[in-house]
Amino acid sequence: MPIDRPGYKRDKIYTVDTTLRDGEQTAGVVFANTEKLEIAKMLDELGVDQLEVGIPTMGGDEEEAIRAIVKANLKASIMAWNRAVVADVQHSIDCGVDAVAISISTSDIHIQYKLQKSREWVLESMVKAVEFAKKNGVYVSVNAEDASRTDDEFLATFARTAKEAGADRLRFCDTMGILDPFMTYDKITTLLNNVDIDIEMHTHNDFGMATANALAGLKAGANYVGVTVNGLGERAGNAALEEVIMAIKYVWGYKVDVDTKKFKALSEYVATASGRELPIWKAIVGSNMFAHEAGIHADGVIKNPRTYEVFNPEEVGLERQIVIGKHSGTAAIKNKFKEYGIQLDEKDANALLVKVRALSVELKRPLFDKELVSLYEEYLKEKQSA
(Lines give C-alpha, C1' and ligand atoms only; values in the text may rest on other atoms or scores of the structure.)
Protein backbone atom coordinates (compact mmCIF):
# COMPACT_ATOMS: atom_id res chain seq x y z
CA MET A 1 0.00 0.00 0.00
CA PRO A 2 1.72 3.18 -1.13
CA ILE A 3 2.11 5.95 1.43
CA ASP A 4 1.85 9.53 0.23
CA ARG A 5 2.14 11.46 3.49
CA PRO A 6 4.95 14.08 3.35
CA GLY A 7 7.85 13.17 5.60
CA TYR A 8 6.81 9.54 6.00
CA LYS A 9 9.90 7.43 6.66
CA ARG A 10 8.89 4.52 4.42
CA ASP A 11 7.17 4.43 1.05
CA LYS A 12 4.84 1.45 1.49
CA ILE A 13 2.92 -0.47 4.15
CA TYR A 14 3.22 -4.26 3.89
CA THR A 15 0.62 -6.63 5.32
CA VAL A 16 1.79 -9.71 7.20
CA ASP A 17 -1.04 -12.12 7.95
CA THR A 18 -0.45 -14.57 10.78
CA THR A 19 -3.88 -16.23 10.91
CA LEU A 20 -2.26 -19.60 10.22
CA ARG A 21 0.28 -19.21 13.03
CA ASP A 22 -0.82 -16.81 15.79
CA GLY A 23 -4.48 -17.23 14.81
CA GLU A 24 -4.26 -21.00 15.18
CA GLN A 25 -2.57 -20.52 18.56
CA THR A 26 -5.96 -19.38 19.86
CA ALA A 27 -6.92 -21.77 22.65
CA GLY A 28 -9.06 -24.54 21.17
CA VAL A 29 -8.47 -23.69 17.50
CA VAL A 30 -7.06 -26.24 15.06
CA PHE A 31 -7.11 -25.88 11.28
CA ALA A 32 -7.16 -28.96 9.09
CA ASN A 33 -4.34 -29.03 6.53
CA THR A 34 -6.81 -28.52 3.69
CA GLU A 35 -8.22 -25.50 5.54
CA LYS A 36 -4.77 -24.01 6.04
CA LEU A 37 -4.05 -24.30 2.33
CA GLU A 38 -7.42 -22.80 1.39
CA ILE A 39 -6.98 -19.88 3.80
CA ALA A 40 -3.50 -19.24 2.40
CA LYS A 41 -4.90 -19.16 -1.13
CA MET A 42 -7.72 -16.82 -0.14
CA LEU A 43 -5.30 -14.45 1.59
CA ASP A 44 -3.06 -14.51 -1.46
CA GLU A 45 -5.99 -13.69 -3.76
CA LEU A 46 -6.88 -10.85 -1.40
CA GLY A 47 -3.44 -9.31 -1.94
CA VAL A 48 -1.67 -9.89 1.39
CA ASP A 49 2.09 -9.38 1.05
CA GLN A 50 3.37 -12.05 3.43
CA LEU A 51 1.81 -15.08 5.10
CA GLU A 52 3.15 -16.48 8.35
CA VAL A 53 1.96 -20.04 7.95
CA GLY A 54 3.14 -22.04 10.95
CA ILE A 55 5.97 -23.54 12.99
CA PRO A 56 7.95 -26.17 11.04
CA THR A 57 9.80 -27.54 14.08
CA MET A 58 6.48 -28.96 15.30
CA GLY A 59 6.78 -31.51 12.48
CA GLY A 60 3.93 -33.81 11.45
CA ASP A 61 0.81 -32.20 10.02
CA GLU A 62 2.17 -28.71 10.70
CA GLU A 63 5.18 -29.33 8.51
CA GLU A 64 3.07 -31.00 5.82
CA ALA A 65 0.70 -28.04 5.64
CA ILE A 66 3.60 -25.57 5.35
CA ARG A 67 5.17 -27.59 2.54
CA ALA A 68 1.81 -27.72 0.72
CA ILE A 69 1.44 -23.94 0.96
CA VAL A 70 4.98 -23.45 -0.38
CA LYS A 71 4.22 -25.80 -3.29
CA ALA A 72 1.11 -23.77 -4.15
CA ASN A 73 3.43 -21.11 -5.66
CA LEU A 74 1.49 -18.17 -4.27
CA LYS A 75 2.41 -14.57 -5.02
CA ALA A 76 2.81 -13.76 -1.33
CA SER A 77 6.03 -14.33 0.58
CA ILE A 78 5.76 -17.43 2.79
CA MET A 79 7.17 -17.08 6.30
CA ALA A 80 7.63 -19.65 9.06
CA TRP A 81 7.96 -18.95 12.78
CA ASN A 82 10.99 -20.06 14.81
CA ARG A 83 12.56 -19.74 18.19
CA ALA A 84 16.04 -18.21 18.15
CA VAL A 85 17.45 -21.69 17.63
CA VAL A 86 19.49 -22.73 14.59
CA ALA A 87 17.75 -26.13 14.41
CA ASP A 88 14.34 -24.39 14.18
CA VAL A 89 15.56 -22.22 11.34
CA GLN A 90 16.91 -25.27 9.53
CA HIS A 91 13.47 -26.90 9.73
CA SER A 92 11.95 -23.80 8.11
CA ILE A 93 14.54 -23.72 5.34
CA ASP A 94 13.94 -27.44 4.67
CA CYS A 95 10.24 -26.64 4.14
CA GLY A 96 11.15 -24.23 1.35
CA VAL A 97 9.86 -20.97 2.83
CA ASP A 98 11.45 -17.75 1.59
CA ALA A 99 11.21 -15.94 4.96
CA VAL A 100 11.65 -16.77 8.62
CA ALA A 101 10.54 -15.09 11.81
CA ILE A 102 13.07 -15.55 14.60
CA SER A 103 11.42 -14.86 17.93
CA ILE A 104 12.89 -14.29 21.37
CA SER A 105 11.80 -12.44 24.49
CA THR A 106 13.38 -9.06 25.20
CA SER A 107 11.64 -7.84 28.36
CA ASP A 108 13.40 -8.34 31.67
CA ILE A 109 10.39 -10.12 33.17
CA HIS A 110 10.49 -12.70 30.34
CA ILE A 111 14.27 -12.99 30.40
CA GLN A 112 14.35 -13.54 34.16
CA TYR A 113 11.31 -15.75 34.69
CA LYS A 114 10.60 -17.47 31.37
CA LEU A 115 14.04 -17.84 29.81
CA GLN A 116 15.98 -17.69 33.07
CA LYS A 117 18.89 -16.26 31.13
CA SER A 118 20.52 -12.86 30.61
CA ARG A 119 20.23 -10.00 28.12
CA GLU A 120 23.61 -11.04 26.72
CA TRP A 121 22.34 -14.57 26.11
CA VAL A 122 19.30 -13.17 24.30
CA LEU A 123 21.48 -11.13 21.95
CA GLU A 124 23.89 -14.01 21.30
CA SER A 125 21.09 -16.51 20.56
CA MET A 126 19.35 -14.09 18.23
CA VAL A 127 22.55 -13.29 16.32
CA LYS A 128 23.44 -16.95 15.78
CA ALA A 129 19.98 -17.73 14.39
CA VAL A 130 19.90 -14.62 12.17
CA GLU A 131 23.36 -15.20 10.73
CA PHE A 132 22.50 -18.82 9.99
CA ALA A 133 19.27 -17.81 8.24
CA LYS A 134 20.95 -15.11 6.15
CA LYS A 135 23.68 -17.55 5.06
CA ASN A 136 20.87 -19.68 3.67
CA GLY A 137 19.41 -16.76 1.71
CA VAL A 138 16.07 -16.21 3.41
CA TYR A 139 14.36 -13.00 4.50
CA VAL A 140 14.56 -12.49 8.27
CA SER A 141 12.16 -10.84 10.69
CA VAL A 142 13.51 -10.70 14.23
CA ASN A 143 10.64 -10.75 16.71
CA ALA A 144 11.10 -8.84 19.97
CA GLU A 145 8.59 -10.68 22.10
CA ASP A 146 7.11 -8.46 24.82
CA ALA A 147 8.75 -5.44 23.22
CA SER A 148 6.18 -3.17 24.84
CA ARG A 149 7.54 -4.06 28.29
CA THR A 150 11.19 -3.98 27.20
CA ASP A 151 13.60 -1.31 28.40
CA ASP A 152 13.86 1.26 25.58
CA GLU A 153 17.67 1.26 25.53
CA PHE A 154 17.89 -2.52 25.43
CA LEU A 155 15.23 -2.69 22.71
CA ALA A 156 17.31 -0.26 20.62
CA THR A 157 20.41 -2.37 21.25
CA PHE A 158 18.49 -5.50 20.30
CA ALA A 159 17.23 -3.91 17.07
CA ARG A 160 20.65 -2.52 16.16
CA THR A 161 22.33 -5.88 16.84
CA ALA A 162 19.72 -7.67 14.75
CA LYS A 163 20.28 -5.31 11.83
CA GLU A 164 24.06 -5.73 12.05
CA ALA A 165 23.59 -9.50 12.01
CA GLY A 166 21.63 -9.15 8.77
CA ALA A 167 17.99 -9.04 9.87
CA ASP A 168 15.63 -7.40 7.38
CA ARG A 169 13.15 -6.10 9.93
CA LEU A 170 12.16 -6.02 13.57
CA ARG A 171 8.76 -7.23 14.73
CA PHE A 172 7.62 -5.05 17.62
CA CYS A 173 5.36 -7.30 19.69
CA ASP A 174 2.87 -5.80 22.12
CA THR A 175 2.56 -9.33 23.41
CA MET A 176 0.31 -8.52 26.35
CA GLY A 177 -1.70 -5.81 24.57
CA ILE A 178 -0.86 -3.29 27.29
CA LEU A 179 -0.13 -0.21 25.17
CA ASP A 180 -2.44 2.57 24.09
CA PRO A 181 -2.01 4.36 20.74
CA PHE A 182 -0.17 7.32 22.29
CA MET A 183 2.34 5.09 24.06
CA THR A 184 2.76 3.02 20.90
CA TYR A 185 3.47 6.10 18.78
CA ASP A 186 6.08 7.30 21.27
CA LYS A 187 7.81 3.93 21.53
CA ILE A 188 8.07 3.42 17.76
CA THR A 189 9.22 7.01 17.23
CA THR A 190 11.93 6.56 19.89
CA LEU A 191 13.05 3.26 18.38
CA LEU A 192 13.28 4.64 14.84
CA ASN A 193 15.16 7.68 16.08
CA ASN A 194 17.81 5.30 17.43
CA VAL A 195 17.83 2.54 14.80
CA ASP A 196 17.07 2.79 11.08
CA ILE A 197 15.29 -0.51 10.54
CA ASP A 198 12.00 -1.67 9.03
CA ILE A 199 9.48 -2.32 11.80
CA GLU A 200 6.44 -4.58 11.85
CA MET A 201 3.65 -3.88 14.31
CA HIS A 202 2.35 -7.02 16.01
CA THR A 203 -0.37 -5.98 18.43
CA HIS A 204 -2.68 -7.92 20.75
CA ASN A 205 -6.19 -6.94 21.79
CA ASP A 206 -6.26 -7.53 25.55
CA PHE A 207 -7.55 -3.99 26.17
CA GLY A 208 -9.40 -3.69 22.86
CA MET A 209 -6.73 -1.50 21.22
CA ALA A 210 -4.93 -3.87 18.83
CA THR A 211 -6.09 -2.15 15.63
CA ALA A 212 -5.58 1.33 17.09
CA ASN A 213 -2.08 0.43 18.29
CA ALA A 214 -1.16 -1.08 14.92
CA LEU A 215 -2.22 2.15 13.20
CA ALA A 216 -0.36 4.27 15.76
CA GLY A 217 2.82 2.33 15.08
CA LEU A 218 2.39 2.79 11.34
CA LYS A 219 1.80 6.50 11.84
CA ALA A 220 5.09 6.69 13.77
CA GLY A 221 6.97 5.10 10.85
CA ALA A 222 6.59 1.32 11.05
CA ASN A 223 5.96 -0.06 7.58
CA TYR A 224 4.82 -3.65 8.19
CA VAL A 225 1.65 -4.58 10.01
CA GLY A 226 0.86 -8.00 11.43
CA VAL A 227 -2.80 -8.99 11.31
CA THR A 228 -5.18 -11.94 11.47
CA VAL A 229 -8.55 -12.55 9.85
CA ASN A 230 -11.35 -11.55 12.27
CA GLY A 231 -8.69 -10.59 14.81
CA LEU A 232 -8.22 -14.28 15.67
CA GLY A 233 -5.36 -14.93 18.08
CA GLU A 234 -4.26 -15.83 21.58
CA ARG A 235 -6.42 -14.57 24.46
CA ALA A 236 -8.34 -11.54 23.11
CA GLY A 237 -6.77 -11.84 19.67
CA ASN A 238 -4.72 -9.69 17.31
CA ALA A 239 -5.29 -6.66 15.11
CA ALA A 240 -7.90 -7.65 12.54
CA LEU A 241 -6.85 -7.68 8.88
CA GLU A 242 -10.14 -6.25 7.66
CA GLU A 243 -10.16 -3.45 10.24
CA VAL A 244 -6.59 -2.32 9.59
CA ILE A 245 -6.96 -2.32 5.81
CA MET A 246 -10.25 -0.41 5.77
CA ALA A 247 -8.97 2.10 8.34
CA ILE A 248 -5.90 2.77 6.20
CA LYS A 249 -8.16 3.24 3.18
CA TYR A 250 -10.97 5.32 4.68
CA VAL A 251 -9.63 6.90 7.87
CA TRP A 252 -6.30 7.82 6.31
CA GLY A 253 -7.44 7.98 2.69
CA TYR A 254 -4.61 5.86 1.29
CA LYS A 255 -4.70 3.60 -1.72
CA VAL A 256 -4.69 -0.10 -0.80
CA ASP A 257 -3.70 -2.97 -3.08
CA VAL A 258 -6.19 -5.34 -1.49
CA ASP A 259 -9.37 -6.82 -2.95
CA THR A 260 -11.65 -5.85 -0.08
CA LYS A 261 -14.71 -7.39 -1.77
CA LYS A 262 -13.35 -10.77 -0.68
CA PHE A 263 -13.35 -9.87 3.04
CA LYS A 264 -16.76 -11.32 3.90
CA ALA A 265 -16.14 -14.69 2.26
CA LEU A 266 -12.70 -14.95 3.87
CA SER A 267 -14.02 -13.95 7.31
CA GLU A 268 -16.84 -16.48 7.14
CA TYR A 269 -14.51 -19.27 6.02
CA VAL A 270 -12.01 -18.58 8.83
CA ALA A 271 -14.85 -18.32 11.36
CA THR A 272 -16.14 -21.74 10.31
CA ALA A 273 -12.69 -23.35 10.16
CA SER A 274 -11.74 -21.97 13.57
CA GLY A 275 -15.06 -22.78 15.21
CA ARG A 276 -15.34 -19.14 16.26
CA GLU A 277 -18.65 -17.45 15.42
CA LEU A 278 -18.42 -14.23 13.41
CA PRO A 279 -20.39 -11.76 15.57
CA ILE A 280 -23.04 -9.75 13.75
CA TRP A 281 -21.59 -6.60 15.38
CA LYS A 282 -18.03 -7.33 14.16
CA ALA A 283 -16.43 -4.21 12.68
CA ILE A 284 -16.21 -4.17 8.86
CA VAL A 285 -17.54 -7.71 8.18
CA GLY A 286 -20.36 -8.23 10.70
CA SER A 287 -23.84 -8.34 9.13
CA ASN A 288 -24.97 -5.44 11.33
CA MET A 289 -22.42 -3.11 9.73
CA PHE A 290 -25.05 -2.05 7.20
CA ALA A 291 -28.24 -2.88 9.07
CA HIS A 292 -30.35 0.19 9.94
CA GLU A 293 -33.39 0.24 12.20
CA ALA A 294 -33.46 3.57 14.09
CA GLY A 295 -35.88 5.92 12.34
CA ILE A 296 -33.52 8.84 11.71
CA HIS A 297 -30.76 6.50 10.54
CA ALA A 298 -32.95 4.54 8.16
CA ASP A 299 -34.48 7.75 6.81
CA GLY A 300 -31.03 9.19 6.15
CA VAL A 301 -29.71 6.03 4.47
CA ILE A 302 -32.78 5.78 2.24
CA LYS A 303 -32.23 9.35 1.07
CA ASN A 304 -28.44 9.06 0.77
CA PRO A 305 -26.41 6.07 2.06
CA ARG A 306 -23.46 8.35 2.83
CA THR A 307 -25.40 9.88 5.72
CA TYR A 308 -24.70 6.80 7.85
CA GLU A 309 -22.33 4.64 5.77
CA VAL A 310 -18.66 5.50 5.21
CA PHE A 311 -18.35 3.05 2.31
CA ASN A 312 -20.64 0.86 0.20
CA PRO A 313 -21.49 -2.53 1.72
CA GLU A 314 -20.58 -4.24 -1.55
CA GLU A 315 -16.98 -3.12 -1.00
CA VAL A 316 -16.55 -5.73 1.73
CA GLY A 317 -19.00 -8.30 0.35
CA LEU A 318 -22.02 -7.25 2.44
CA GLU A 319 -25.51 -5.93 1.67
CA ARG A 320 -27.51 -3.05 3.09
CA GLN A 321 -30.49 -3.95 5.31
CA ILE A 322 -33.33 -1.71 6.44
CA VAL A 323 -34.60 -3.51 9.54
CA ILE A 324 -38.19 -2.95 10.63
CA GLY A 325 -38.77 -3.05 14.37
CA LYS A 326 -39.33 -1.06 17.55
CA HIS A 327 -37.04 1.82 16.54
CA SER A 328 -38.24 2.20 12.95
CA GLY A 329 -39.85 5.35 11.56
CA THR A 330 -42.45 5.99 8.88
CA ALA A 331 -39.83 6.52 6.16
CA ALA A 332 -38.53 2.99 6.65
CA ILE A 333 -42.09 1.59 6.75
CA LYS A 334 -42.98 3.29 3.48
CA ASN A 335 -39.76 2.17 1.85
CA LYS A 336 -40.23 -1.42 3.00
CA PHE A 337 -43.77 -1.65 1.67
CA LYS A 338 -42.62 -0.29 -1.68
CA GLU A 339 -40.71 -3.58 -1.98
CA TYR A 340 -44.09 -5.33 -1.76
CA GLY A 341 -45.58 -3.02 -4.39
CA ILE A 342 -47.63 -1.14 -1.79
CA GLN A 343 -47.64 2.67 -1.62
CA LEU A 344 -48.45 3.89 1.89
CA ASP A 345 -49.54 7.42 2.66
CA GLU A 346 -48.45 9.14 5.87
CA LYS A 347 -51.62 8.21 7.75
CA ASP A 348 -51.37 4.51 6.88
CA ALA A 349 -47.64 4.46 7.62
CA ASN A 350 -48.20 5.96 11.08
CA ALA A 351 -50.97 3.51 11.87
CA LEU A 352 -48.86 0.56 10.79
CA LEU A 353 -45.88 1.86 12.75
CA VAL A 354 -47.87 1.61 15.98
CA LYS A 355 -48.60 -2.04 15.25
CA VAL A 356 -45.00 -2.74 14.19
CA ARG A 357 -43.58 -1.32 17.41
CA ALA A 358 -46.05 -3.18 19.60
CA LEU A 359 -45.35 -6.55 17.95
CA SER A 360 -41.61 -5.95 17.97
CA VAL A 361 -41.65 -5.30 21.72
CA GLU A 362 -43.80 -8.40 22.27
CA LEU A 363 -41.43 -10.59 20.22
CA LYS A 364 -38.26 -8.80 21.39
CA ARG A 365 -36.87 -8.61 17.84
CA PRO A 366 -37.35 -6.98 14.43
CA LEU A 367 -40.15 -8.29 12.23
CA PHE A 368 -39.98 -10.65 9.29
CA ASP A 369 -41.56 -9.83 5.93
CA LYS A 370 -44.46 -12.23 6.49
CA GLU A 371 -45.23 -10.62 9.83
CA LEU A 372 -45.25 -7.16 8.23
CA VAL A 373 -47.62 -8.33 5.51
CA SER A 374 -49.90 -9.90 8.15
CA LEU A 375 -49.98 -6.62 10.07
CA TYR A 376 -50.87 -4.79 6.88
CA GLU A 377 -53.72 -7.21 6.11
CA GLU A 378 -54.96 -6.87 9.69
CA TYR A 379 -54.80 -3.08 9.37
CA LEU A 380 -56.81 -3.14 6.10
CA LYS A 381 -59.53 -5.24 7.74
CA GLU A 382 -59.73 -2.83 10.66
CA LYS A 383 -59.81 0.10 8.28
CA GLN A 384 -62.61 -1.40 6.18
CA SER A 385 -64.71 -2.29 9.22
CA ALA A 386 -64.29 1.13 10.79
TODO: Could you tell me which non-hydrogen atom of Gly177 sits nearest to which non-hydrogen atom of Phe207, and how far apart they are?
DONE: O-CD1, 3.2 Å

Task: CD/Glu153: more than 12 non-hydrogen atoms of other groups inside 6.0 Å - done: no

- [ ] Supply the atom-to-atom distance Asn194 CG to Asp152 CG, rounded to the nearest 0.5 angstrom.
- [x] 8.5 Å

Task: Basic-acidic side-chain contact under 4.0 Å: Lys383, Asp348 - done: yes

Open item on the list: Filter on side-chain hydrogen bond (donor to acceptor under 3.5 Å, both in side chains), then keep only pairs touching residues 280-290, sequence neighbours left out; what's left?
Closed with: Glu242-Lys282, Glu243-Lys282

TODO: Inspect the surroundings of NZ in Lys114 and state if more than 12 heavy atoms from other residues, nucleotides or ligands are less than 6.0 Å away.
DONE: yes

TODO: Kindly check if the number of other-residue, nucleotide or ligand heavy atoms within 6.0 Å of OH (Tyr308) is above 12?
DONE: yes

TODO: Mark yes when over 12 heavy atoms from residues, nucleotides or ligands other than Lys355 sit less than 6.0 Å from its NZ; otherwise mark no.
DONE: yes

TODO: Would you tell me whether Thr203 and Asn205 have side-chain atoms, one donor and one acceptor, within less than 3.5 Å of each other?
DONE: no

- [ ] Enter the distance from Arg160:CZ to Leu155:CG here, rounded to the nearest 0.5 Å.
- [x] 10.0 Å

Task: Donor-acceptor contact present, side-chain Ser274 to main-chain Glu24, <3.5 Å - done: no

- [ ] Ignoring hydrogens and angles, tell me if any N or O in the side chain of Asn136 forms a donor-acceptor pair with the backbone of Ile93 under 3.5 Å.
- [x] no

Open item on the list: Is it the case that the side chains of Ser105 and Asp146 hold a donor-acceptor pair, with the cut-off being a distance below 3.5 Å and no angle test?
Closed with: no

Open item on the list: Under a 3.5 Å distance rule, please check whether Ser267 uses its side chain to pair with a backbone N or O of Lys264 as donor and acceptor.
Closed with: no

Open item on the list: Check this for me: does any side-chain nitrogen of one of Glu124 and Lys128 sit under 4.0 Å from a carboxylate oxygen of the other?
Closed with: no

- [ ] Would you check if the side chain of Asp98 reaches a backbone N or O of Ile78 as a donor-acceptor pair within less than 3.5 Å?
- [x] yes

- [ ] Check the side chains of Arg169 and Asn143 for a donor-acceptor pair under 3.5 angstrom, ignoring hydrogens and angles.
- [x] no

Open item on the list: Between Arg67 and Asp94, does any NZ, NE, NH1 or NH2 come within less than 4.0 Å of an OD or OE carboxylate oxygen?
Closed with: no

Open item on the list: Around atom OH of Tyr250, are there more than 12 heavy atoms from other residues, nucleotides or ligands closer than 6.0 Å?
Closed with: yes

Task: Lys/Arg N to Asp/Glu carboxylate O, Lys134 vs Glu131, below 4.0 Å - done: no

Task: Test item: Thr106 side-chain N/O and Glu145 main-chain N/O as donor-acceptor pair under 3.5 Å - done: yes

Open item on the list: Any donor-acceptor pair under 3.5 Å linking the side-chain atoms of Asp369 with those of Tyr340?
Closed with: yes

Task: Contacts of type side chain to side chain contact (heavy atoms under 4.5 Å, CB included), residue Ala87, not counting sequence neighbours - done: Val85

Task: Any donor-acceptor N or O pair under 3.5 Å, side chains Asn238, Thr228 - done: no

Open item on the list: Over 60° means perpendicular and under 30° means parallel, so tell me whether Phe311 and Phe290 are parallel, tilted or perpendicular.
Closed with: perpendicular

